[in-house]
Amino acid sequence: MKILQYILSSFLILCTTSVFAQQDFDTWDEDDDYLIEKEEFVDKFTSEYYSAWAEGADPQGVIEEGFFRESFAGLDTDNDGFLSDEEWLIGYNYFYDDYLVNEIAFIDTDDDGLIDYDEYYEVIYDTDYFTDVDLDSDNYISEHELAEYVFNNWDTNDNGVLSRYEWNSFKLYYLDV
Ligand SMILES: [Ca+2]
Ligand SMILES: [Ca+2]
Ligand SMILES: [Ca+2]
Ligand SMILES: [Ca+2]
């Protein structure tokens, strides 16, 4: 798992232009201590980014369908509407290894070598993925639940803050929805 995360991080850093990443990091790091604390993250995420995830959503939050659609879109890094082997593997290692078996052949039911949204939905809706994010179990993902989930995932070494390295590694996933 550690090695996979390392490979994944290295890969994503290559995809992220460091100049933009740097500017972004600084605007999120309000107190300029070179770390993004959870409070800094939640404030900015809920005020500026949640609306992109929750477009057209109920004021109470995002329902399951909307949440899965945005999750799928986040993994589809080249925005072609399908998950390639590579896109799936990265997403799988990062988000779903607690929930699913990693067999693309099992998910790709029409055998075209790509995972489309329906194929993804078919396997993901049956897992605890949504309910684990929906902390208060009201069937909506509120802005705070989403911020909490994103932050905890992003904080890969679980030390409660995002370093610049963690930030650069996964920026593409969360902010480019
Ligand atoms: Ca800070
Ligand atoms: Ca794709
Ligand atoms: Ca397919
Ligand atoms: Ca909820």
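Both ligands and their constituent atoms are indexed starting at 1 by order of listing.
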Q | Glu64 (side chain) donor-acceptor with Asn139 (main chain) under 3.5 angstrom | A | no
**Q.** N/O/S atom of Leu114 inside 3.0 Å of the Ca ion (ligand 3), strictly under
**A.** yes
Q) After noting the C-alpha distance and the side-chain angles of Tyr121 and Glu65, does the key distance pass the side-chain contact (heavy atoms from CB on, under 4.5 Å) rule? A) CA-CA 9 Å; Tyr121 183 76; Glu65 168 83 18; 4.0 Å; yes
Q | Rounded distance [0.5 Å steps], CD1 in Ile90 versus CG in Asp85 | A | 11.0 Å
Q) Mind checking whether the Ca ion (ligand 3) has an N, O or S of Glu119 under 3.0 Å? A) yes
Q: Return the name of the atom in Glu87, of element N, O or S, nearest to the Ca ion (ligand 2).
A: OE1
Q: Restricting to N/O/S, name the atom of Asp112 that gets closest to the Ca ion (ligand 3).
A: OD1
Q | Apex the Ca ion (ligand 2); atoms Asp80 OD1 and Asp78 OD1; angle rounded to 10 degrees | A | 80°
**Q.** Sphere of radius 3.0 Å around the Ca ion (ligand 4) - protein N, O or S atoms inside
**A.** Asp134 OD1, Asp136 OD1, Asp138 OD1, Tyr140 O, Glu145 OE1, Glu145 OE2
Q: Please work out whether the ring planes of Tyr117 and Tyr120 are parallel, tilted or perpendicular, with thresholds of 30° and 60°.
A: tilted
Q: Write the atom name of the N, O or S atom in Asp110 that is nearest the Ca ion (ligand 3).
A: OD1
Q: Look at Arg164 together with Asp26 and state whether they make a salt bridge at an N to O cut-off of under 4.0 Å.
A: yes
Q. How about Asp108: does one of its N, O or S atoms come closer than 3.0 Å to the Ca ion (ligand 3)?
A. yes
Q: Classify the angle between the aromatic ring planes of Phe130 and Phe68 as parallel (below 30°), tilted (30 to 60°) or perpendicular (above 60°).
A: perpendicular
**Q.** Main-chain N/O of Glu166 paired with Trp154 side-chain donor or acceptor, under 3.5 Å
**A.** yes
Q | Test log, rule side-chain contact (heavy atoms from CB on, under 4.5 Å), inputs Tyr149 and Leu135 | A | CA-CA 9 Å; Tyr149 166 75; Leu135 299 169; over 6 Å; no
**Q.** Under-4.0 Å salt bridge between Lys44 and Glu40
**A.** no
Q) What does the angle at the Ca ion (ligand 2) come to, between atom OD1 of Asp76 and atom O of Phe82, rounded to 10°? A) 90°
Q: Please lay out, stage by stage, how Thr109 and Ile107 fare under the test side-chain contact (heavy atoms from CB on, under 4.5 Å).
A: CA-CA 6 Å; Thr109 45; Ile107 302 163; over 6 Å; no
